[in-house]
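Working notes, beginning with the structure itself.
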Amino acid sequence: QVQLVESGGGLVQPGGSLRLSCAASGFISGVYVMSWYRQGPGKEREFVAVINRFSGTTNYADSVKGRFTISRDNGMNTMYLQMNNVKEEETAVYYCNARDRSRTYWGQGTQVTVSS
């Protein structure tokens with residue numbers, strides 16, 4: 001089992017910045033990919049960014065390229081999402097996702113509200 005705990009959400013003004021964290025624990029040795037997803041009010045959950053836990057290779061949704069940065073710490077147990085120049089339409093619950101060879105794991109989510 002892998003446990004994921006997100007933190008760092010809150011209220012931010014349009015154009016502002018916020019950094020989300022996802023702490024992974026449990027049997028994480030087999031986790032090879034970690035991602036961020038988000039689900040806005042009345043919307044489906046959508047992909048935001050992904051990082052290969054070992055190589056550090058990243059990929060982003062087109063809507064966040066150039067503004068968001070996904071990263072992990074050297075111990076590879078914590079993942080981050082640096083969000084810059086955020087937009088009101090990016091108000092959502094942000095979820096951490098991890099995958100090993102047999103399962104996909106989700107955190108409980110952290111609320112990000114972009115509003116003036």
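Sequence positions, counted from 1, serve as the residue numbers for this chain. All values derive from a computational prediction rather than experimental measurement.
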Residue pairs passing the salt bridge (Lys or Arg N to Asp or Glu O under 4.0 Å) test with at least one member in residues 34-48, sequence neighbours excluded, are Arg38-Glu46, Arg38-Glu90

Shared hydrophobic cluster, Tyr32 / Tyr80 (ILVMFWY, side-chain heavy atoms < 4.5 Å): no

Met83 side chain reached by Leu81 side chain, heavy atoms, under 4.5 Å: yes

Validation row: Met79, Leu4 side chains within 4.5 angstrom (heavy atoms): no

Residues, nucleotides or ligands: over 12 heavy atoms within 6.0 Å of Phe54 CZ: yes

Under 3.5 Å, side chain of Asp73 to main-chain N/O of Thr78, donor-acceptor pair present? yes

Could you work out, with side-chain hydrogen bond (donor to acceptor under 3.5 Å, both in side chains) as the rule, every residue matching Gln108, not counting sequence neighbours? none

What heavy-atom pair brings Gly109 and Val93 nearest, and what distance separates the two atoms? CA-CG1, 3.8 Å

May I ask you to decide if Val31's main-chain N or O and Arg53's side chain share a donor-acceptor pair within less than 3.5 Å? yes

Ignoring hydrogens and geometry, is there a side-chain-to-backbone donor-acceptor pair from Ser35 to Val50 under 3.5 Å? no

With sequence neighbours excluded, tell me which residues meet side chain to side chain contact (heavy atoms under 4.5 Å, CB included) with Gln13. none

Holding to side chain to side chain contact (heavy atoms under 4.5 Å, CB included), I want the full list of residues that pass it with Ser29, two or more places apart in sequence or in another chain. none

Side chain to side chain, Ile28 and Asn77, heavy atoms closer than 4.5 Å: yes

Side chain to side chain contact (heavy atoms under 4.5 Å, CB included) against Val5, all qualifying residues, sequence neighbours excluded: none

Output all residues satisfying ring pair (Phe, Tyr, Trp, His ring centres under 6.0 Å) with Tyr105, sequence neighbours left out; order by chain, then residue number. none

Can you pull out every salt bridge (Lys or Arg N to Asp or Glu O under 4.0 Å) where at least one residue sits in residues 96-105? Sequence neighbours excluded, please. none

Tell me which donor-acceptor pairs under 3.5 Å the side chains of residues 57-65 have, and how far apart each pair is, sequence neighbours excluded?
unit_1 : atom_1 : unit_2 : atom_2 : d
Thr57  : OG1    : Ser55  : OG     : 2.9
Tyr60  : OH     : Ile70  : N      : 2.9
Asp62  : OD1    : Lys65  : NZ     : 3.1

Which heavy atom of Pro14 sits nearest to which heavy atom of Ser115, and what is that distance? CD-C, 3.6 Å

Within-4.5 Å side-chain heavy-atom neighbours: Trp36 and Cys22: yes

Quick check: does any side chain N or O of Glu6 sit under 3.5 Å from a backbone N or O of Cys96, one acting as donor and the other as acceptor? yes

With a 4.5 Å cut-off on side-chain heavy-atom distances among I, L, V, M, F, W and Y, is there a chain of contacts connecting Val12 to Leu20? yes

For Phe47, what residues pass the ring pair (Phe, Tyr, Trp, His ring centres under 6.0 Å) criterion, not counting sequence neighbours? Tyr37

Set of side chain to side chain contact (heavy atoms under 4.5 Å, CB included) partners for Arg72, sequence neighbours left out: Ile51, Met76

Once side-chain hydrogen bond (donor to acceptor under 3.5 Å, both in side chains) is applied, do any residues pair with Asn85, and if so which ones, sequence neighbours excluded? none

Compare all side-chain heavy atoms of Val114 with those of Val112 and state whether any distance is below 4.5 angstrom. yes

Which residues share a side-chain hydrogen bond (donor to acceptor under 3.5 Å, both in side chains) with Thr113, sequence neighbours left out: Gln111

Nearest heavy atoms of Gly107 and Tyr95, plus distance in Å: O-CD2, 3.6 Å

